[in-house]
Amino acid sequence: MILPIYLYGQPILRQVSKNVDSNSAALQAKIANMFETMYHADGIGLAAPQVGIADRLLVLDLSVLADQDPDFESLKMVMINANILECFGEDEEQEEGCLSLPAIHEKVIRKNKIRVSYLDEHFVAHESVFEGFLARVIQHEYDHLEGRLFIDGISGIRKQLIKSKLNKMIKGDVNCSYKYRSIGK
């Protein structure tokens with residue numbers, strides 16, 4: 001089922017998500033719905049708060065970028081109760097966008113390596129190091145679980161420059177090709 005994507009201004013995007021219990025009702029259905037929603041919106045990552053669910057759950061699929069990096073060919077992941085244990089390596093600046101902030105793209109500085117503990121969709125525990133673009137995507141989606149948005153990491157001047165777009169978004173004045181929910185809609 002395709003779910004509406006919550007846009008900037010929705011309170012759930014600023015809340016810290018709660019851990020998912022292995023007995024969580026309909027977890028597999030939530031995961032399937034999140035993947036379907038993400039694909040419908042042409043995304044490569046989606047966190048549960050972006051579809052109105054306050055769970056520490058995120059999904060990723062970078063296979064659409066396999067032409068740029070062959071390692072992404074079958075890179076599809078589910079992370080439950082993720083916890084970034086360490087961010088290290090070099091600072092890298094790269095432009096990011098977000099399904100919850102349509103038509104906004106800004107350069108964000110992030111570390112290029114992370115160590116993460118998480119559970120997969122079968123509740124098997126993992127602790128892994130990720131680097132490069134994958135580390136960036138995980139950090140971006142993880143921020144949603146912590147109530148942060150990528151625009152929180154941009155300069156004050158850049159925030160001023162996008163302020164009118166953000167205000168329009170709050171009012172529901174957006175042009176999206178996917179189903180969404182804003183405060184004004």
Side-chain angles (χ1 to χ4, degrees), residues 1-7 13 17 20 27-51 53 55-146 148-151 153-154 175-180:
M1 173 188 345
I2 296 171
L3 305 169
I5 294 177
Y6 283 54
L7 301 186
L13 295 176
S17 299
V20 176
L27 177 62
Q28 295 307 314
K30 286 180 192 178
I31 292 169
N33 291 341
M34 286 177 63
F35 272 117
E36 186 177 1
T37 300
M38 181 185 73
Y39 295 141
H40 179 74
D42 294 325
I44 57 171
L46 188 68
Q50 291 181 274
V51 291
I53 302 168
D55 289 348
R56 294 189 73 79
L57 169 64
L58 61 91
V59 298
L60 310 166
D61 188 344
L62 275 61
S63 61
V64 297
L65 303 174
D67 58 333
Q68 297 171 27
D69 187 336
D71 290 341
F72 295 159
E73 189 169 346
S74 58
L75 205 160
K76 182 176 177 179
M77 298 178 70
V78 173
M79 292 182 146
I80 300 168
N81 300 339
N83 186 24
I84 294 181
L85 304 171
E86 180 182 13
C87 295
F88 58 103
E90 302 294 322
D91 285 342
E92 289 185 354
E93 184 177 56
Q94 192 171 351
E95 190 173 274
E96 293 186 18
C98 181
L99 296 174
S100 292
L101 293 144
I104 295 179
H105 296 86
E106 293 291 331
K107 290 185 177 180
V108 178
I109 297 171
R110 295 189 189 271
K111 292 291 187 185
N112 68 348
K113 295 180 184 176
I114 57 173
R115 190 166 50 91
V116 184
S117 67
Y118 66 97
L119 304 170
D120 65 22
E121 64 272 24
H122 307 292
F123 270 79
V124 175
H126 299 268
E127 185 175 309
S128 304
V129 172
F130 300 99
E131 56 186 270
F133 187 70
L134 177 56
R136 176 172 293 275
V137 174
I138 292 169
Q139 288 174 82
H140 176 106
E141 299 307 333
Y142 179 82
D143 280 353
H144 284 295
L145 305 180
E146 296 295 320
R148 296 186 300 256
L149 300 171
F150 82 93
I151 58 171
I154 64 175
N175 186 12
C176 284
S177 61
Y178 46 86
K179 195 160 80 169
Y180 67 89

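Remark: Leu99 CG to Asp42 CG distance equals 8.5 Å, nearest 0.5 Å. In this structure, the separation between CD on Glu106 and SG on Cys98 is 12.5 Å, given to the nearest 0.5 Å. Note: Glu96 CD to Leu101 CG = 11.0 Å, rounded to the nearest 0.5 Å. Asn33 CG to Met1 CE: the interatomic distance, rounded to the nearest 0.5 Å, is 5.0 Å. The CD1 atom of Ile44 sits 8.5 Å away from the CE atom of Met38 when rounded to the nearest 0.5 Å. Here Cys176 contributes atom SG and Leu7 contributes atom CG; the two are 5.5 Å apart, rounded to the nearest 0.5 Å.
Side-chain contact between Leu149 and His144 is present, with heavy atoms from C-beta onward closer than 4.5 Å. Side chains of Val129 and Ile114 form no contact here, defined as non-hydrogen atoms less than 4.5 Å apart. Side-chain atoms of Ile53 and Leu57, non-hydrogen and from C-beta on, never get closer than 4.5 Å to each other. Between Leu145 and Pro49 there is a side-chain heavy-atom pair separated by less than 4.5 Å. A heavy-atom distance below 4.5 Å is found between the side chains of Leu60 and Ile138. Leu3 has its side chain out of reach of Lys179: every pair of non-hydrogen atoms, C-beta onward, lies at least 4.5 Å apart. Between Gln94 and Arg136 there is a side-chain heavy-atom pair separated by less than 4.5 Å. Within the 4.5 Å cutoff, no side-chain heavy atoms of His122 are placed close to those of Gln28.
A distance below 6.0 Å separates the ring centres of His140 and Phe150.
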Open item on the list: I'd like to know whether Val124 forms a side chain to side chain contact (heavy atoms under 4.5 Å, CB included) with Leu119, so could you lay out the CA-CA distance, the side-chain angles of the two residues, the decisive distance to 0.1 Å, and finally the verdict.
Closed with: CA-CA 5 Å; Val124 175; Leu119 304 170; over 6 Å; no
TODO: Give the intermediate values and the outcome of side-chain hydrogen bond (donor to acceptor under 3.5 Å, both in side chains) for residues Ser100 and Gln50.
DONE: CA-CA 7 Å; Ser100 292; Gln50 291 181 274; 3.1 Å; yes
- [ ] Could you please spell out the steps behind the side chain to side chain contact (heavy atoms under 4.5 Å, CB included) verdict for Met77 and Val59?
- [x] CA-CA 6 Å; Met77 298 178 70; Val59 298; over 6 Å; no
TODO: Kindly determine whether Leu46 and Thr37 satisfy side chain to side chain contact (heavy atoms under 4.5 Å, CB included), including the steps that lead there.
DONE: CA-CA 9 Å; Leu46 188 68; Thr37 300; 4.2 Å; yes
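Nearest heavy-atom pair, Leu65 versus Phe72, reported as atom, atom and distance to 0.1 Å: CB-CD1, 3.7 Å.
Cation-pi geometry between Lys76 and Phe35 is satisfied (NZ or CZ under 6.0 Å from the ring centre, within 45° of the ring normal).
Using the six-membered ring where Trp is involved, His126 and Tyr118 have ring planes that are parallel, under 30° apart on the 30 and 60° scheme.
Applying the side chain to side chain donor-acceptor pair (under 3.5 Å) rule to Glu36 yields no partners; only residues at least two apart in sequence or on another chain are considered. Here Asp143 pairs with Arg110, Arg148 under the side chain to side chain donor-acceptor pair (under 3.5 Å) rule; sequence neighbours left out. Residues that satisfy the side chain to side chain donor-acceptor pair (under 3.5 Å) test with His105, not counting sequence neighbours, are absent from this structure. Under the rule for a salt bridge (Lys or Arg N to Asp or Glu O under 4.0 Å), Glu92 has no partner lying at least two apart in sequence or in another chain.
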Validation: residues 81-91 side-chain donor-acceptor distances under 3.5 Å, sequence neighbours left out:
{"unit_1": "Asn81", "atom_1": "OD1", "unit_2": "Val20", "atom_2": "N", "d": "2.6"}
{"unit_1": "Asn81", "atom_1": "ND2", "unit_2": "Val20", "atom_2": "O", "d": "2.9"}
{"unit_1": "Asn83", "atom_1": "OD1", "unit_2": "Tyr142", "atom_2": "OH", "d": "3.4"}
{"unit_1": "Glu86", "atom_1": "OE1", "unit_2": "Arg115", "atom_2": "NE", "d": "3.3"}
{"unit_1": "Asp91", "atom_1": "OD1", "unit_2": "Lys111", "atom_2": "NZ", "d": "3.1"}

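Residue pairs meeting the side-chain hydrogen bond (donor to acceptor under 3.5 Å, both in side chains) criterion with at least one partner in residues 58-75, sequence neighbours excluded, are Tyr39-Asp61, Asp61-Ser63.
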